[in-house]
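Proteins come first, then strands; the chains are lettered A, B, ... in the order of their sequence lines, and each starts at number 1.
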Amino acid sequence: MATDLTQEFCALRDTYIEKQFGRLNDMQRQAVFTTDGPLLILAGAGSGKTTVLVNRIANLIRFGSAHGSRQTPRPATEDDVKALRNAIMTGTAVPGWLDGMLRQNAVRSWNVMAITFTNKAAGELKERLRRMLGGEEGDEVFASTFHSTCVRILRRWAEEIGYPRSFTIYDTDDSQRVMKAVYKDLNVDDKFLPIKAAINQMSRWKDQLVSPEQALASPAKDTKGALTARIYAAYEKRLKEAGAFDFDDLIYQTVQLLAEHPDVREFYQNKYRYLLVDEYQDTSVAQFRLVSLLTGPERNICVVGDDDQSIYRFRGATIENILNFEKLYPGTKTIRLEQNYRSTSNILNAANCVIQHNTERKGKTLWTDNGEGDKVQVYTAENEQDEASHIADVIGQHLKAGGHLADHAILYRMNAQSAPIESYFTRAGIPHKIVGGQRFNDRKEVKDIHSYMSIVANPRDDVRLRRIINEPARKIGATTVEVIADLAGQEGVSMLDIISHADQYAKLSRAVMPLLKFWQIYQRLQDSLETRTLDEFAADVIELTGYKAMLEADAAKGHEDAADRLQNLGQLVNNVKNYCDQHGEEATLEGYLEDIALISDIDSYNESADQVVLMTIHSAKGLEFPYVFLIGMEEGVFPSEMSKYSEADLEEERRLAYVGITRAKKELYISNSVSRMLYGRTQRNEPSRFLREIEPEYIEETRSPVLEQRSRFGGWGDSYSDTVPGGASGYSGPSGWGRSASGYGNGYSAGSRSGYLNREYNAGESRGFGSAYANRGSSGGHGSGYGRSGGSTGYGAGYGSQYGSGNYSGAAQKKTEKHISFTGTPAQKPASAGPKHYEPGDIVEHKVFGRGQVVAVKPAAGDQIVEINFEKVGIKKTMANFAPLTKITAEE
DNA sequence: TAGAACCCCCTTTTT
DNA sequence: GGGGGTTCTA
């Protein structure tokens with residue numbers, strides 16, 4: 001009888017638990033309820049991967065392996081059954097006394113470890129766990145990145161492998177400095193073997209767990225290989241002497257530690273009984289090994305990944321890890337998540353089209369029931385300014401329709417591409433944020449101060465000591481530094497040790513005074529660290545080292561960036577203070593330095609600020625945005641020049657394209673430019689092959705009107721105008737922005753795929769056109785010139801109106817109207833030419849922000865800074881001559 | 001030794 | 001196009 005009750009209870013318990021995860025689809029729920037043993041989840045883009053991770057952890061902690069289990073902690077009673085049934089029917093929580101009956105082998109939250117790739121992903125995981133499980137339990141789950149996890153382990157056990165606990169973490173810049181020193185030691189010419197190449201090879205070795213000894217022992221393919229192995233060994237020696245790890249070492253050395261010290265390994269295996277690994281497709285051999293070393297005999301290891309989103313092969317990630325997983329863990333359960341909840345089907349189909357061209361994949365087709373949505377908009381720009389302007393147009397239209405800046409992301413292949421967009425947006429006053437690129441912490445002055453701070457934490461760190469010993473200048477020259485280094489080498493002590501009693505060395509006699517003075521400063525810093533708070537210490541570093549005085553002197557001399565640098569240092573102190581506020585009692589110098597070493601820009605990216613966000617596709621992995629602009633879709637840019645000659649590299653580029661496309665939720669805008677200035681040279685690029693791979697039915701193409709014009713005058717070969725439906729102009733309003741031929745857009749592409757993507761662009765000169773174009777911004781007279789192109793109805797009118805400060809009205813002014821036809825009239829004459837001038841009280845129309853009133857005007861370097869109160873978005877500042885502004889002269 | 005001019009190099013993606 | 005390193009000069 002009791003057994004029957006228990007059986008019934010178990011069945012009800014399944015129902016109850018399933019209800020707790022009722023919002024998941026079948027596959028997701030399967031993943032959640034597979035609590036024990038090895039589990040591989042192949043999760044397509046937007047398939048709710050994080051949701052599954054969070055729910056799976058929540059299930060482990062709340063119910064353990066209860067679901068599907070036919071056991072209960074004690075035999076069930078009739079009251080149990082009744083209460084549970086009631087809870088299910090009413091949808092309320094079970095009474096407290098019943099709670100224990102719902103758990104079977106429930107896991108304590110501190111027994112769970114989740115490893116992610118970025119801090120942001122880790123943070124998001126924690127945040128969602130906190131929301132789902134409540135503060136305490138959520139916080140107790142260990143969720144962290146590979147690198148942070150290793151740092152944490154090493155902080156505890158570093159001495160076991162001969163490193164100090166207060167080790168320093170070297171970034172790429174530090175690595176390069178070490179490498180330069182090694183080159184000098186070994187007399188290597190960096191023309192023969194570029195430093196970058198050596199660092200790369202060394203990094204691959206560490207990714208593959210090849211030790212310096214193994215590298216030296218393995219038969220070298222050529223002299224360079226053998227040399228690189230020697231360099232690797234020398235580099236490692238230096239790092240060990242300095243008590244430092246570089247990024248790769250963090251993983252590599254942790255693996256060594258765990259592999260060689262069973263006691264340490266067992267400690268972690270006992271502590272973390274359930275492991276989850278995110279972004280599994282991007283793990284290296286070393287990371288894979290790390291994970292398997294952490295996995296205990298129970299083999300409760302769950303990895304989540306998507307082979308199609310593997311974009312870090314260049315950095316040692318290997319897709320093999322996904323295949324090897326099933327081999328290393330026989331009996332692995334594999335679950336595929338293929339339903340996409342993020343994007344419209346047009347976007348998803350475009351993504352599928354592209355990725356299908358890859359051969360090296362497990363095969364997976366995403367689907368969605370989100371509806372078709374708009375087609376993917378493909379825009380061909382004339383140049384990168386035109387591309388920027390077009391994006392601004394689209395964003396402007398969205399804002400007018402009630403959209404938000406923060407819903408827009410601009411994604412690109414490489415950081416350099418952000419510059420033209422950035423400069424356009426800045427001048428136009430469009431709030432935006434660039435993620436990545438040069439990080440705050442990479443600035444020279446910031447790194448210098450951090451170097452001071454880290455030699456206080458780790459006196460052995462000669463690399464950072466060298467960096468700042470004469471910064472600001474204190475008469476300790478290169479010769480002196482080399483003497484110190486030699487002495488330190490001879491005596492087997494750190495350079496700082498030598499400096500501390502510099503007066504005992506004859507060789508240093510000439511530099512004794514400055515050196516002892518430096519030693520004094522160092523001691524005062526040590527003292528400051530002990531007696532003051534961390535942010536006060538940071539301020540002391542800036543002050544006592546003379547850094548502040550140096551910058552102030554520079555500023556007084558008129559060095560323009562000195563003031564900026566001072567400001568940055570102020571910001572640095574703020575950052576330290578924030579760190580202290582966040583960590584309270586646990587704030588330490590080491591902790592702070594660790595944070596700045598491991599935390600990237602993307603982690604501090606704040607979605608709540610209403611700004612357009614610009615970042616590389618790599619940085620955007622794992623993120624999503626309603627509107628995505630994928631720019632620079634050109635051969636030589638994306639796919640990048642370097643990848644063209646290797647099929648494997650091309651496939652990685654394609655996966656990157658796939659990642660980019662699948663970031664978009666509602667609308668995707670892809671653009672390519674016929675000409676682009678890159679690295680100070682103007683290139684003409686063909687549209688990317690990835691564009692051609694998308695089936696025409698999912699996209700809608702538009703070309704910059706300037707290009708249209710060009711082909712009409714015969715400058716570009718074939719008669720593109722044939723494909724233009726008569727009379728459709730797509731004119732979209734007076735934008736007034738000098739450089740851009742904005743908004744002509746959609747009319748031109750209506751109905752036909754022009755096939756221009758396949759066309760060869762011969763470098764035809766735009767004769768007779770260029771001059772008109774060049775003048776457009778300032779002189780008004782060109783309007784009629786364009787209008788001349790008789791058949792292109794409305795075109796001339798469109799252009800003229802850009803400068804027709806407001807004397808243009810009616811239907812044409814509504815940007816939303818796409819197919820207004822102008823009947824062959826000549827262009828309107830612009831009302832005025834020359835620089836624009838504004839006064840408080842003027843009513844203006846901004847291409848992006850809409851209408852507003854000028855509240856203040858400040859002169860600035862031949863231009864004006866105009867402060868405008870916009871009806872929709874409030875007060876913004878813009879540059880008068882650059883912003884896409886039109887003065888509305890006549891009140892309507 | 002320090003400052004300034006110049007030259008040269010680079011530019012794929014990141015923890 | 002621009003930053004950083006090197007070299008030259010004071």
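- Within 4.0 Å of A:Met642, counting heavy atoms only, lies at least one base atom of the nucleic acid.
- Looking at the side chain of A:Lys475, the nearest of the listed nucleotides B:dC10, B:dA2, B:dT15 is B:dA2.
- Within the 4.0 Å cut-off from OP1 or OP2 of C:dG4, not a single side-chain nitrogen or oxygen of A:Lys444 is found.
- As a whole-Å value, the separation of A:Lys120 NZ from B:dT15 P is 12 Å.
- Residue A:Tyr312 contributes atom OH, which lies 6 Å from atom P of B:dT15 at whole-angstrom precision.
- For B:dT15, the OP1/OP2 oxygens have no side-chain nitrogen or oxygen of A:Thr172 closer than 4.0 Å.
- Annotation: cation-pi geometry satisfied between A:Lys621 and A:Phe117 (NZ/CZ under 6.0 angstrom from ring centroid, within 45° of ring axis).
- One finds a side-chain N or O of A:Asn415 lying less than 4.0 angstrom from the OP1 or OP2 phosphate oxygen of B:dT13.
- The distance between atom CG of A:Leu678 and atom P of C:dG2, rounded to the nearest whole Å, is 13 Å.
- The phosphate of B:dT14 (OP1 or OP2) has a side-chain N or O of A:Thr616 nearer than 4.0 angstrom.
- At a threshold of 4.0 angstrom between heavy atoms, the contacts of A:Lys621 with the nucleic acid are absent.
- For A:Ala473, the side-chain atoms get nearest to B:dA2 when compared with the rest of B:dT1, B:dA2, B:dT14.
- Considering CD1 of A:Ile169 and CG of A:Asp461, their distance stands at 11.5 Å, rounded to 0.5 Å.
- Aromatic ring orientation, A:Trp157 versus A:Tyr268: perpendicular (interplanar angle above 60°, classes split at 30° and 60°).
- Put simply, A:Asn470 has no side-chain N or O that comes within less than 4.0 Å of OP1 or OP2 on B:dT1.
- In this pair, A:Phe146 does not lay its aromatic ring on the base of B:dT15; centres under 5.5 Å and planes under 30 degrees do not both hold.
- Residue A:Arg676 contributes atom CZ, which lies 15 Å from atom C1' of C:dG1 at whole-angstrom precision.
- The distance from atom CG of A:Asp189 to atom C1' of C:dT6 is 15 Å, rounded to the nearest whole Å.
- Residue A:Lys180 has its side chain nearest to C:dG5 when only B:dC10, C:dG5, B:dT15 are considered.
- The CD-P distance, from A:Gln176 to C:dG4, rounds to 12 Å in whole Å.
- Closest approach to the A:Phe314 side chain among B:dT13, B:dT14, B:dT15 is made by B:dT13 (side chain taken as heavy atoms from C-beta onward).
- Toward the 5' end of DNA chain B, the nearer of the two residues A:Arg474 and A:Thr145, judged by each one's closest nucleotide, is A:Arg474.
- Atom CE in A:Met615 sits about 11 Å away from atom P in B:dT14, given to the nearest Å.
- When each of B:dT13, B:dT15, C:dG5 is scored by its nearest atom to the side-chain atoms of A:Phe247, the top-ranked nucleotide is B:dT15.
- Comparing A:Glu653 and A:Asp248 against DNA chain B, the residue whose closest nucleotide sits nearer the 5' end is A:Glu653.
- The only member of A:Tyr163, A:Tyr170, A:Tyr252, A:Tyr235 that meets ring-ring contact (aromatic ring centres under 6.0 Å, His included) when paired with A:Phe245 is A:Tyr163.
- With sequence neighbours excluded, the residues that form a side-chain hydrogen bond (donor to acceptor under 3.5 Å, both in side chains) with A:Asp448 are A:Lys444, A:Arg467, A:Tyr547.
- A:Thr168 is listed as a side-chain neighbour of A:Arg464, based on a closest heavy-atom distance under 4.5 Å.
- For the pair A:Asn200 CG and B:dC10 P, the computed distance is 14 Å after rounding to whole Å.
- Backbone-only engagement by A:Thr479 is indicated by non-hydrogen atom pairs under 4.0 Å involving sugar-phosphate atoms exclusively.
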